[in-house]
Number of protein chains: 4
Amino acid sequence: MPYKQLKKQQMLSAARRLFTEYGFEKTTMQKIADEAGVGVATVFRYFPKKELLIIEVVKEVIEEMVPRFEAISESTQSGYDKMDAILDAYINYISSANRDAIILLESFEYYIAYNPMEEPLTEEIYQTYTKVERIIDQAIQDGIQDGSISLSSTEQMNATTILNLFGTAIKKHAFNSLLSNVIVPIPTKEQLLQLKSMLLLYLKNASRH
Amino acid sequence: MPYKQLKKQQMLSAARRLFTEYGFEKTTMQKIADEAGVGVATVFRYFPKKELLIIEVVKEVIEEMVPRFEAISESTQSGYDKMDAILDAYINYISSANRDAIILLESFEYYIAYNPMEEPLTEEIYQTYTKVERIIDQAIQDGIQDGSISLSSTEQMNATTILNLFGTAIKKHAFNSLLSNVIVPIPTKEQLLQLKSMLLLYLKNASRH
Amino acid sequence: MPYKQLKKQQMLSAARRLFTEYGFEKTTMQKIADEAGVGVATVFRYFPKKELLIIEVVKEVIEEMVPRFEAISESTQSGYDKMDAILDAYINYISSANRDAIILLESFEYYIAYNPMEEPLTEEIYQTYTKVERIIDQAIQDGIQDGSISLSSTEQMNATTILNLFGTAIKKHAFNSLLSNVIVPIPTKEQLLQLKSMLLLYLKNASRH
Amino acid sequence: MPYKQLKKQQMLSAARRLFTEYGFEKTTMQKIADEAGVGVATVFRYFPKKELLIIEVVKEVIEEMVPRFEAISESTQSGYDKMDAILDAYINYISSANRDAIILLESFEYYIAYNPMEEPLTEEIYQTYTKVERIIDQAIQDGIQDGSISLSSTEQMNATTILNLFGTAIKKHAFNSLLSNVIVPIPTKEQLLQLKSMLLLYLKNASRH
DNA sequence: AATGAATGAGGGTTCATTCAT
DNA sequence: AATGAATGAACCCTCATTCAT
């Protein structure tokens, strides 16, 4: 069992590396096989379609990511502190080695835009995707109940929107940083932390304006 | 001469339509030729490489876009009002027919990520890209000078970051709305307008906190 | 026009030769291209799927065949003489160079048994297939009306059956003769002619027994 | 020993089922292994080449078939009655469950046409194939000697030819009935029985014309 | 002995690009 | 100048067969 799992993991890792570096389309099954040190047919044994390999890689990435947010969600901090932690997690992601993860995710969103897949395949991914949103919503709810966040119900919707846009932007910027030659300015970590302060301030005081 | 120009425009339009709908990679030169009502070889006469056609289409899109911001920049309003107008322009873009333009741009950012091109080709695009940023910066500068915006120099950097993130997020969301099956929640126009109010409020009052 | 037609014919001929010699499955598109002296992509330009090439080859074969029977059908001979001519045509086919044609047809029947195709593709072939049967039926009808054939209505059905079986067997034997190593005895032309005499005798006299 | 034999039989049966339904080429060794409930490697232990498995399946089919004819041949009936029985056997075959057997045989004839095998492998099959012919010949001989059949020596050759053609056609029609979408008319059992009567009549009376 | 794992050779098909008219 | 025709390189995927346990 561990051997089989090992081989599979080897291929997934090879695929992940190549997908991250060259993108899904430019990475051929043959190259993945070579990188993993196996034959092409072996790759197809484990992932009968390229699509399936892509899906599995993306799932892996997401599944590494979500627990961090879940851990925060399930902690005993105040809602406000949860949001603080969540935003930190976002920001740290793009400076860490796991930045690759975000690049892959971002890339995938583009990929499916023009390579639609059968629903069942992507279902699980979408499930996990929304999980993060629910976690954010929940943190806000928690904060409202424990008094650490004060937002009217309209403001609450806005807060979600804002945080979503923030997440979107962070991920996109992480992706942009892939491009060695891009000129779109990448925000520094300090700038992002400043922005975080602003957002937290908003969560705390919005309704007091 | 107008005939030649016409033919070229016809091809560009065909390409743009197809690129927007099917993406750069899935759109073949043959389909573009068909859509434009010319032969493939003709397309290659005008655009010797697919890359070049892509570049020209993207340039066209950007060049339609920038003047709107430039017009605002060159108007006689206060810096604050310029920012107001700029944010409006952003927001309106994604609900208008020109949403297609944003989709194309976003798509292009992914495309070059994995299909790096010779610098000279993309140079002009990057030039134009940064132009918008400079316009934003300028508007803020103007506002500070005319007193309609009050930001310390640190805050000013933050403001630029924030507005960049805002732009990034808006564009990404416009792209997401392409995906019929995506679950990532698209913000409503109202939510975006609320967010705009917040940003403007920040520009006005940041330094007074 | 004639040039394009020529190229297409060249490929069809190459395909036909190879299909006849090696069968549909063992003949690759690449080999066909080589045999025709063109690139693979060119073959695909004219026949976007291998299936379509197969269909066209088979159609060509059938269309060469049917007119012979139609000519007989439309001639002014008595029904009996038509049958005589039809049987002759059958028999001559398997000894002539056109024996290849029958091999191909027979091979095709096997091919579609396990490679079912979309109806519209095979429709035309089936149409033509049944045409021969209708011609036989018509010849018998003609013979009955002009008195050259005497069959009761039951016998008429039998006659059709018999002639169908005869046709089936002839074709199958022609195919068998492909197999250099086959031991199934191939009937000689003389034997077939004898059999023809029997069948004609039956047509003339059946109802008089 | 019985265990080994059992396993082997299981594989043969699985192969036979799949070969009949999907053809030799479209049936993979893996599917056979699955259907037989063993590993692929095991199939290859017993049948080192796919060819060998095909041969064995075909042999099995033939060996089920021939004894029926042999039984008739060795019975004490008149030659005429033997022929009657032989024709009945043929006809019944194609309506019975054993129709599958004929489909397989027919399929095999096409298969070897384009996948020639080493002589020794097919030798046995050809031996058995001709056995049926010899049985028919023998029955006719018997009939001539016991007076139940009257044919001159030329007629005797014709009779063999006719009966061969009859057998060929019957088998081919059985195969055709596989094809759900075929339009070639399948003769009914009644029509075949009528034809049988004719043939028997011929055997009895040919020389009296 | 039995088996799942591994694989290379090969097949159909696509597409940017070049050629020839 | 305009174009349809031509094409090789590359891609995804399959399968009989061998290997290692």
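Within every chain, numbering begins at 1; the chains are lettered A, B, ... in the order of the sequence lines, protein sequences first and strands thereafter.
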**Message:** I need the Glu25(A) CD to Tyr114(A) OH distance, nearest 0.5 Å.
**Reply:** 11.0 Å

**Results of salt bridge (charged side-chain N to carboxylate O under 4.0 Å, His left out) for Lys26(A) - residues two or more places apart only** = none

**Request:** Figure out the CD/P separation between Glu25(D) and dG10(E), and round it to whole Å.
**Result:** 17 Å

**Message:** Is Lys50(C) close enough to dT13(E) that one of its side-chain N or O atoms is under 4.0 Å from OP1 or OP2 there?
**Reply:** no

**Under the side-chain hydrogen bond (donor to acceptor under 3.5 Å, both in side chains) test, residues paired with Gln30(D) that sit two or more places apart** = Asp34(D)

**Message:** For residues 31-53 of chain B, which residue pairs pass the ring-ring contact (aromatic ring centres under 6.0 Å, His included) check, not counting sequence neighbours?
**Reply:** none

**Message:** Reading DNA chain F from 5' onward, which residue's closest nucleotide shows up sooner: Lys26(A) or Gln30(C)?
**Reply:** Gln30(C)

**Request:** Can you sort out the partners of Glu64(C) under side-chain hydrogen bond (donor to acceptor under 3.5 Å, both in side chains), two or more places apart, ordered by chain and number?
**Result:** Arg16(C)

**Contact interval (first through last nucleotide) of DNA chain F with protein chain B, 4.0 Å heavy-atom** = dA1(F) to dG4(F)

**Asked** What pairs with Glu56(C) under side-chain hydrogen bond (donor to acceptor under 3.5 Å, both in side chains), at least two apart in sequence or on another chain?
**Response** none

**Request:** Using heavy atoms to find the nearest nucleotide of DNA chain E for Phe44(C) and Pro48(B) separately, return the residue whose nucleotide is more 5′.
**Result:** Phe44(C)

**Asked** Which residue lies toward the 5' end of DNA chain E, Arg45(A) or Thr27(C), if each is placed at its nearest nucleotide?
**Response** Arg45(A)

**Prompt:** For DNA chain E, what is the dot-bracket line, given that a base pair needs Watson-Crick (N1 to N3, plus N6-O4 or O6-N4) or G-U wobble (N1-O2 and O6-N3) geometry with both distances under 3.5 Å, and | means paired with another strand?
**Reply:** .||||||||||||||||||||

**Request:** Take Met29(A) and Phe24(D), find for each the nucleotide of DNA chain F with the closest heavy atom, and name the residue whose nucleotide sits nearer the 5' end.
**Result:** Met29(A)

**Complete:** Residue pairs passing the ring-ring contact (aromatic ring centres under 6.0 Å, His included) test with at least one member in residues 5-27 of chain D, sequence neighbours excluded, are Phe19(D)-Phe24(D), Phe24(D)-Tyr111(D)

**Request:** Could you tell me which residues satisfy side chain to side chain contact (heavy atoms under 4.5 Å, CB included) with Glu51(C), sequence neighbours excluded, listed by chain and number?
**Result:** Lys49(C), Met117(C), Leu121(C)

**Message:** So if I take residues 31-43 of chain C and measure heavy-atom distances to DNA chain E, which residues fall below 4.0 Å?
**Reply:** Val40(C), Ala41(C)

**Item:** Interatomic distance where NZ belongs to Lys49(C) and C1' belongs to dG11(E) [whole Å]
**Value:** 13 Å

**Message:** We want to know whether Gln10(D) and Gln5(D) form a side-chain donor-acceptor pair, criterion being a heavy-atom distance below 3.5 angstrom.
**Reply:** no

**Item:** Under the side-chain hydrogen bond (donor to acceptor under 3.5 Å, both in side chains) test, residues paired with Arg45(D) that sit two or more places apart
**Value:** none

**Asked** So what does Tyr46(B) touch, heavy atoms closer than 4.0 Å: a base, only the sugar-phosphate, or nothing?
**Response** sugar-phosphate

**Prompt:** Glu21(B): what forms a salt bridge (charged side-chain N to carboxylate O under 4.0 Å, His left out) with it, not counting sequence neighbours?
**Reply:** none

